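Notes to accompany the following structure.
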Amino acid sequence: MRLSSVVLAGGAVLVLAGAGAAVAAEGTPTFAKDVAPILYENCVSCHRPNHLAPMSLITYDDARPWARAVRSKVESREMPPWGADTSVRTYKNDSSLTDQEIKTIAAWVDAGSPRGNDADLPEVPQFTEGWSIGEPDLIFTMLEPVRVPADGTVPYSYVTVPTNLPADTWISAHEYRPGDKRVVHHVISQVLEDDGMPATGEVKLERDRTRSRARGSRVGGYVPNRLGDVYEDGVAVRLPKGADIEAQMHYTTIGEEAWDQSSWGVVVTREPDSSIRRAGGGQVANLGFRIEPNNPAYEVTASRKIDEDTYLSTMMPHMHVRGKSAKYVIVHPDGTEEVALWVPNYDFNWQLNYELEEPIFMPAGSQLKTIFTYDNSTNNRFNPDPSSEVRWGDQTWEEMMLGYFGTVEAPADDN
């Protein structure tokens with residue numbers, strides 16, 4: 001095998017395999033036959049050109065220079081990112097690797113990261129450039145770009161994006177796409193519709209009627225490393241005729257002036273209206289907490305009553321850098337409790353939307369309870385000031401307690 005070496009800082013020598021890396025002893029894992037299938041299934045949705053991750057892992061030439069880093073990250077289970085305890089529930093979008101998959105990657109690296117026979121490569125996953133949901137049928141874009149200054153704290157801004165939909169429209173997928181992802185910290189969006197009330201004074205939005213939140217409608221928001229949402233077959237969200245998207249935009253500075261003109265993409269469902277099960281959801285929130293200084297495990301709870309029979313389908317806890325753990329519990333009308341999600345090690349940088357493999361029935365009268373824990377001590381290396389009392393606030397050095405959740409209408413034969 002032909003080898004070359006590179007001298008790194010400090011005098012360490014990194015040995016790289018040359019053309020001979022295609023040769024592997026019998027039984028040794030190769031990229032083509034053993035590693036690529038793992039990466040394609042669990043990693044390349046982010047690790048592809050011009051997407052969230054800093055490097056692509058699609059081809060052998062892409063992955064080979066990063067082989068040892070990949071091994072380190074998967075063995076520590078930092079990658080692929082996954083926070084939920086799967087001994088409590090199983091999830092459709094669980095991207096965590098099995099012990100055997102981790103051993104395969106480690107053995108591949110130990111053997112010199114051989115290429116193998118390209119004929120063994122699986123089919124490369126196909127992605128629509130810039131969109132994780134596939135090619136959108138409709139794209140709604142901010143009317144004007146927003147200027148983000150070079151430095152300083154940027155107050156939240158609010159934008160309204162008209163959809164101009166000529167009729168109610170059912171969508172099976174939605175995704176927010178930042179115009180400049182370097183400066184977009186997070187986005188909370190909601191869908192507004194006419195509520196039938198005449199508009200007067202300040203509430204008039206260049207229309208003759210006021211706007212209110214459209215129950216159950218959504219087009220997707222944004223938090224660090226968040227992709228789009230695709231609903232299961234037969235499930236969709238209604239966007240009302242003439243709806244507007246109202247978005248709360250949180251921008252951060254990067255040392256140079258930037259401009260953002262974000263978009264929302266949606267896929268129109270192909271299902272007949274009569275067979276659609278409505279997707280819904282909301283949030284469980286506590287805005288009145290006060291996290292004690294130097295407290296390594298401060299607990300904040302909140303609950304929300306479920307008014308009608310429905311199925312819990314997804315959950316996404318949202319905290320800032322002091323977030324430590326998150327739990328969702330369904331309290332049934334008879335008082336029995338059922339854990340739906342347990343995230344023992346919350347990571348602000350990977351705010352995932354956990355999709356239940358089997359949605360959980362919540363009869364009318366149930367309570368959806370959330371228990372979030374915060375580390376406001378010196379143990380938390382991300383903590384900007386352990387000596388401060390922390391309350392609800394927009395900025396990252398403050399905190400939030402939002403338990404987003406998604407629901408699916410019960411099938412007709414359940415009623």
Side-chain angles (χ1 to χ4, degrees), residues 16 21 29-83 91-98 101-102 104-105 108-109 113-137 139 172-184 186-187 220-230 254 260 262-267 316 347 349-355:
L16 303 176
T30 67
F31 178 83
K33 186 175 182 179
D34 304 284
V35 174
I38 298 172
L39 300 181
Y40 289 5
E41 179 67 24
N42 300 283
C43 306
V44 300
S45 60
C46 291
H47 285 272
R48 55 188 168 98
N50 303 315
H51 209 59
L52 294 175
M55 73 288 196
S56 174
L57 296 176
I58 290 180
T59 69
Y60 177 77
D61 290 337
D62 289 338
R64 176 62 185 85
W66 300 97
R68 291 189 181 278
V70 169
R71 172 182 174 165
S72 173
K73 292 296 184 181
V74 301
E75 287 187 329
S76 67
R77 294 196 176 273
E78 292 180 62
M79 289 285 163
W82 185 256
Y91 303 88
K92 288 192 297 186
N93 61 329
D94 183 357
S95 61
S96 60
L97 302 186
T98 65
E101 288 171 330
I102 293 172
T104 296
I105 291 173
W108 173 65
V109 175
S113 307
R115 182 186 193 113
N117 187 340
D118 285 353
D120 293 329
L121 281 168
E123 184 176 350
V124 177
Q126 298 300 306
F127 300 97
T128 301
E129 182 63 31
W131 298 97
S132 68
I133 60 173
E135 187 65 37
D137 293 311
I139 298 175
S172 59
H174 51 69
E175 182 174 357
Y176 165 85
R177 184 178 182 181
D180 188 339
K181 64 182 180 181
R182 300 175 304 165
V183 295
V184 179
H186 78 255
V187 177
Y222 182 79
V223 291
N225 299 306
R226 172 77 188 275
L227 300 176
D229 291 305
V230 179
I254 57 172
D260 174 69
S262 296
S263 300
W264 288 259
V266 302
V267 175
M316 192 191 84
D347 186 345
N349 295 305
W350 293 102
Q351 300 184 45
L352 305 179
N353 191 34
Y354 298 96
E355 303 172 18

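No experiment lies behind these values; they were computed from the predicted model shown. Note that these values count all heavy atoms, side chains included, but never hydrogens, waters or copies made by symmetry.
- Between Ile139 and Arg177 the shortest side-chain heavy-atom distance does not fall below 4.5 Å.
- Using a 4.5 Å heavy-atom threshold, the side chains of Pro49 and Asp62 count as separate.
- The salt bridge (charged side-chain N to carboxylate O under 4.0 Å, His left out) contacts involving residues 42-56 comprise nothing, where partners must be two or more places apart or lie in separate chains.
- Contact detail for Ser113 and Tyr60: the closest heavy-atom pair is O-OH, 2.7 Å.
- Under the 3.5 Å distance criterion, the side-chain polar atoms of Gln351 are left unmatched by any main-chain donor or acceptor of Asn349.
- Atom CG of Asp229 sits about 5.5 Å away from atom CG of Asn353, to the nearest 0.5 Å.
- Shortest non-hydrogen contact noted between Leu121 and Ala36 is CD2-CB, 3.8 Å.
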How far apart are the C-alpha atoms of Asn93 and Leu352, what are their side-chain angles, what is the distance that settles it, and do they pass the side chain to side chain contact (heavy atoms under 4.5 Å, CB included) test?
CA-CA 10 Å; Asn93 61 329; Leu352 305 179; 5.6 Å; no
Residue pair Asp120, Arg115: steps toward the salt bridge (Lys or Arg N to Asp or Glu O under 4.0 Å) verdict:
CA-CA 10 Å; Asp120 293 329; Arg115 182 186 193 113; over 6 Å; no
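- The closest donor-acceptor contact from the side chain of Asp260 to the backbone of Asp180 lies under 3.5 Å.
- Smallest separation of non-hydrogen atoms from Gln126 and Val124: NE2-O, 3.0 Å.
- Closest approach of Leu39 and Leu57 over heavy atoms only: CD1-O, 3.7 Å.
- Going from atom OG of Ser95 over to atom CH2 of Trp350 covers 9.0 Å, rounded to the nearest 0.5 Å.
- Here the two rings, on Trp82 and Tyr354, have centers that are under 6.0 Å apart.
- Residues Pro80 and Leu97 meet the side-chain proximity criterion, which asks for heavy atoms closer than 4.5 Å.
- Under the 3.5 Å distance criterion, with hydrogens and angles disregarded, no donor-acceptor pair is assigned to the side chains of Thr59 and Asp61.
- Rounding to the nearest 0.5 angstrom, the gap separating the CZ atom in Phe31 from the CG atom in Asn117 is 13.5 Å.
- Within the 3.5 Å criterion, the main-chain N or O of His174 finds no donor-acceptor partner in the side chain of Trp264.
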Given Ser96 and Asp94, is the side-chain hydrogen bond (donor to acceptor under 3.5 Å, both in side chains) satisfied, shown in steps?
CA-CA 6 Å; Ser96 60; Asp94 183 357; 2.6 Å; yes
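- Going from atom SG of Cys46 over to atom CE of Met79 covers 8.0 Å, rounded to the nearest 0.5 Å.
- Using the six-membered ring where Trp is involved, Tyr176 and Tyr222 have ring planes that are tilted, between 30° and 60° apart.
- Taking 4.5 Å as the limit, some side-chain heavy atom of Ile102 sits within range of a side-chain heavy atom of Arg77.
- The shortest side-chain heavy-atom distance between Glu175 and Ser132 falls under the 4.5 Å cut-off.
- Checked by atom type and distance alone, the side chain of His47 pairs as donor or acceptor with a backbone atom of Met55 at under 3.5 Å.
- The closest side-chain heavy-atom distance from Lys33 to Trp108 is not below 4.5 Å.
- The environment of Glu41 atom CD is sparse: at most 12 non-hydrogen atoms of other residues, nucleotides or ligands sit within 6.0 angstrom.
- You'll find the side chain of Asp137 reaches within 4.5 Å of the side chain of Val267, heavy atoms only.
- Of all the heavy atoms in Gly228 and Ile133, the pair that sits closest is CA-CG2, 4.0 Å.
- Interatomic distance, Ser72 OG to Ile105 CD1, rounded to the nearest 0.5 Å: 12.0 Å.
- No more than 12 heavy atoms of other residues, nucleotides or ligands lie within 6.0 Å of CH2 in Trp66, so this atom counts as exposed by the packing criterion.
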